[in-house]
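Here the structure comes first, spelled out in structure tokens, and everything after it is commentary.
Chain naming here is simple, since letters A, B, ... match the order of the sequence lines and numbering starts at 1 in each.
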Amino acid sequence: MDVSHLLDPLNEAQRDAVAAPPGPTLVLAGAGSGKTRVLTHRIAWLVETLDVSPLSVLAVTFTNKAAREMRGRIENILGFSLRGMWIGTFHGICHRLLRAHPQAANLPETFVILDSDDQFRLVRRALRELNVDEGYWPVRQVQWFINNHKDEGRRAHHLPDTEDSQHDTLVRIFAHYETQCQQLGLVDFSELLLRAVEMLENNDDLLCAYHQRFSHILVDEFQDTNTVQYRWLRLLAEPAKQIVAVGDDDQSIYGWRGARVENMSHFEHDFGPVKVVRLEQNYRSTGNILRAANAVIEHNTSRLGKNLWTAGSEGEKISVYAAFNEIDEGRFVIEQLQDWVGQGHRRDSAAVLYRSNAQSRVFEELLLDAGIPYRVYGGLRFFERAEIKDALAYLRLAYSHDSDPAFERIVNTPTRGVGARTLEAVRMTARVESLSLWQATVQLVQSDTLPKRARSALQNFLELITALGNQLTDLALSEQVSVIIRHSGLIDHYRKERGERAETRVENLEELVNAARRFSFDPIEHEGQDALGAFLSHAALEAGEGQAEEWEDCVQLMSLHMAKGLEFPVVFLTGLEENLFPHQRSLGESGQLEEERRLCYVGMTRAMQRLYLTWAEVRRLHGREDYTTASRFLSEIPEDLITEVRAVTAYPTLSASAAMAANPSDNIMLGTTELRLGGAVRHTKFGDGTLVKVEGQGASARVQVNFEKEGNKWLVLAYASLQPL
DNA sequence: TAATCAGCTTTTTTT
DNA sequence: AAGCTGATTA
């Protein structure tokens with residue numbers, strides 16, 4: 001068979017990876033080096049030259065989007081449909097494994113996936129049942145504790161007893177939560193992975209069967225794998241070790257949620273000898289952008305080592321703009337944006353990137369003023385919206401009455417007179433009698449223990465859900481959804497709600513019907529589930545796009561994390577200030593600082609033609625106005641790659657701006673020298689800092705100084721020995 | 001049960 | 001600043 005179409009479009013390194021002999025292969029794929037191309041061509045190569053069936057290939061990604069894209073691209077190359085082939089996310093594939101063998105996994109056939117919101121509620125319930133003080137033990141933190149351990153493969157019983165009573169409390173909650181999940185047949189995201197690993201570890205026959213089935217494994221974004229994911233990969237890839245892992249240690253930006261870059265070096269050790277291929281030729285950015293990005297990332301010590309290069313042109317220099325404040329920064333970005341669009345470029349060829357989402361506001365306001373359409377990424381996705389989750393809960397409860405999370409969610413939504421008191425009684429009964437909330441309610445309604453009002457409220461609820469359940473039988477999925485949103489009272493409830501939000505909510509509910517209509521139920525892919533069950537799982541595993549509507553040509557606004565994997569002709573990397581980027585909370589540890597630097601590297605390498613780096617001398621954040629220092633990442637870029645864009649006449653320059661902004665009387669005399677607002681000062685005890693505020697005059701004058709080490713302090717000028725620098 | 005208020009925190013996010 | 005939480009009030 002002629003496979004030249006698979007190899008010809010590739011460079012040497014790519015070809016080396018695609019045609020690598022069977023065995024463990026690690027592809028170090030730099031930004032923009034064509035790693036998706038390598039993955040897709042590799043699979044096509046396996047199929048076309050080695051006669052491997054697509055059904056024997058397992059391809060794992062992190063996001064549904066990446067999985068869809070990969071499938072589409074391989075189908076394009078091969079020219080036939082890959083229906084039935086296992087290309088999916090870690091979670092999606094583990095879910096499929098568990099559905100196929102619930103008994104081996106010790107799960108009920110009807111197990112339900114908890115998304116993080118559901119998990120939050122369940123953890124909260126565990127806290128309350130154990131009478132743990134929620135003020136002292138924030139649910140979020142406990143949830144974090146549990147997930148961290150599970151991502152590391154540890155369950156509550158693995159955690160040793162300690163002398164530390166605080167830790168013991170956490171473990172107790174963890175254990176209770178696990179019991180709760182097991183009893184109720186609930187599986188959170190981490191559990192999908194851990195349970196699948198344990199199932200395979202404990203069932204040789206099963207594992208063997210999958211070894212037979214999957215002769216080739218491919219992993220994308222390998223640097224983002226956590227401990228359990230790696231364990232799972234090892235398990236499935238042994239003993240044949242026909243595994244290709246593609247990743248970039250320099251783009252590891254999810255350490256904070258359990259990703260282990262070390263897996264890349266472990267891989268060489270655990271699977272060795274490993275064929276390593278470096279993809280260093282970049283097809284995305286100009287030479288200057290690459291050199292700048294390389295210069296920044298070189299400041300990291302723990303690297304596998306890689307140097308991106310391009311055969312393309314140097315391109316423009318990188319523009320650095322030091323803004324007076326965040327509004328000036330925004331104005332600058334918009335000015336440049338208008339220029340760019342004025343030259344005939346599409347708006348969606350430009351992206352504004354920032355470290356934290358709060359920064360988007362200024363840009364949004366200014367873009368709105370300027371009449372430039374924009375899209376902000378992030379925020380709630382479709383299936384995470386409250387109204388959608390409400391509707392799904394009605395569906396679930398009508399479908400299987402014993403789903404406690406669904407019950408809790410909607411028992412009083414819309415309000416029907418079931419208050420906290422009543423609910424507590426229900427929970428109590430459920431706990432004491434080991435019943436589901438639904439069963440407990442049935443019992444309470446039949447007994448005589450509740451006040452009349454509460455009892456009839458519950459009675460109505462039971463009747464409503466039962467009636468809904470009866471109406472669902474024999475309907476198509478989308479009709480079931482339609483019935484639910486109408487007869488649950490949700491539509492009326494949200495219609496009555498005031499504000500613009502109400503309207504969108506009703507629209508979203510209507511859209512849910514469409515989503516159900518679009519959902520294609522595949523008895524093979526969704527083995528072990530019926531259409532409704534599969535749809536509900538789908539909703540948990542794939543949160544969906546930000547909004548249902550189509551997006552016209554819009555300027556793209558997003559956090560740096562969201563930008564990974566994307567590319568734009570023009571990129572504005574904003575807020576390059578110490579304490580913001582790198583973020584304040586990362587400054588303590590060098591490991592965290594290196595992750596921030598990688599984030600910067602990711603941001604810079606998104607740019608194809610033009611890169612702007614901006615920072616603001618004064619930034620209003622959390623309601624405070626602070627003087628800032630330029631990010632260290634800026635100074636890590638060689639000067640010859642940079643053009644300092646100095647203020648266009650309309651905008652004041654650095655120090656002039658500080659002086660202008662400050663009321664002249666805000667500056668204050670200290671002896672014969674003048675202390676300038678925003679100027680650097682030295683204190684004998686606290687060290688160096690920046691003068692931030694001045695209050696009062698003469699002997700009673702007080703100043704606020706932001707010290708590098710000690711943070712903000714108020715000092716009485718007469719007593720503090722401040723020295724201007 | 002719902003509305004209101006004071007106090008508190010503040011990255012990044014997929015599944 | 002703003003959004004969220006817990007507590008208090010109507």
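- Taking the side chain of A/Asn357 as heavy atoms from C-beta on, and the options C/dA1, B/dT15, B/dT12, the nearest nucleotide is B/dT12.
- The side chain of A/Asn64 sits closest to B/dT15 out of B/dT14, B/dT15, B/dT12.
- A donor-acceptor contact closer than 3.5 angstrom is absent between the side chains of A/Glu595 and A/Ser252.
- Here A/Val187 lies out of heavy-atom contact (under 4.0 Å) with every strand.
- Taking 4.0 angstrom as the limit, A/Ser116 places none of its side-chain polar atoms (N or O) nearer than this to OP1 or OP2 of B/dT13.
- Atom-to-atom, CE of A/Met562 to C1' of B/dT14 comes out at 9 Å; the value is rounded to the nearest Å.
- A straight line from CD of A/Gln251 to C1' of B/dT12 spans 16 Å, rounded to a whole angstrom.
- The minimum heavy-atom distance between A/Phe222 and A/Ala245, with the atom names listed, is CG-CB, 3.7 Å.
- When each of A/Arg453 and A/Leu599 is assigned the nucleotide of DNA chain B bearing its nearest heavy atom, the one mapping closer to the 5' terminus is A/Arg453.
- For the pair A/Asp188 CG and B/dT14 C1', the computed distance is 13 Å after rounding to whole Å.
- If you measure from atom CD1 of A/Ile93 to atom C1' of B/dT15, you get 13 Å, rounded to the nearest angstrom.
- Applying the 4.0 Å criterion to OP1 and OP2 of B/dA2, one finds that A/Thr415 has a side-chain N or O inside that range.
- Between A/His561 and A/Arg416, the one whose closest nucleotide on DNA chain B sits nearer the 5' end is A/Arg416.
- Just one of A/Arg585, A/His583, A/Arg355 meets the side chain to side chain donor-acceptor pair (under 3.5 Å) condition when paired with A/Glu596; it is A/Arg355.
- Taking atom CG of A/Asp115 as the reference point, atom P of B/dT13 lies 17 Å away to the nearest angstrom.
- When distances run from any side-chain atom of A/Arg355 to the nucleotides B/dT1, B/dT10, B/dT11, the shortest one goes to B/dT11.
- With hydrogens and angles left out, the side-chain atoms of A/Arg260 and A/Asn226 include no donor and acceptor closer than 3.5 Å.
- Residue A/Asp390 forms a side-chain contact (heavy atoms from CB on, under 4.5 Å) with just one option from A/Arg409, A/Arg505, A/His493, and that option is A/Arg409.
- Where stacking is scored as ring centres under 5.5 Å apart with planes under 30°, A/Tyr254 does not register as stacked on the base of B/dT12.
- No engagement by A/Arg620 is indicated, since no non-hydrogen atom pair under 4.0 Å with the nucleic acid exists.
- Checking B/dT10, B/dT12, B/dT15 against every side-chain atom of A/Ser356, the shortest atom distance belongs to B/dT12.
- The aromatic ring of A/His91 is not stacked on the base of B/dT15, since the criterion of ring centres less than 5.5 Å apart with planes inclined by under 30° is not met.
- With respect to A/Leu573, the side-chain contact (heavy atoms from CB on, under 4.5 Å) criterion is satisfied by exactly one of A/Leu353, A/Thr614, A/Val602: A/Leu353.
- Summarising the geometry, the separation between CD on A/Gln141 and P on B/dT11 is reported as 13 Å, rounded to the nearest angstrom.
- The nearest whole Å value for the distance from the CZ atom in A/Phe581 to the C1' atom in B/dT11 is 11 Å.
- Residue A/Asn412 places its side chain closer to B/dT1 than to any other of B/dT1, B/dT12, B/dT15.
- Between B/dT15 and A/Arg257, no contact under 4.0 Å exists linking OP1 or OP2 to a side-chain N or O.
- Distances were taken from every side-chain heavy atom of A/Arg585 (C-beta onward) to each of B/dT1, B/dT12, B/dT10; the shortest belongs to B/dT10.
- Straight-line distance from the CZ atom of A/Arg421 to the P atom of B/dA2: 16 Å, rounded to whole Å.
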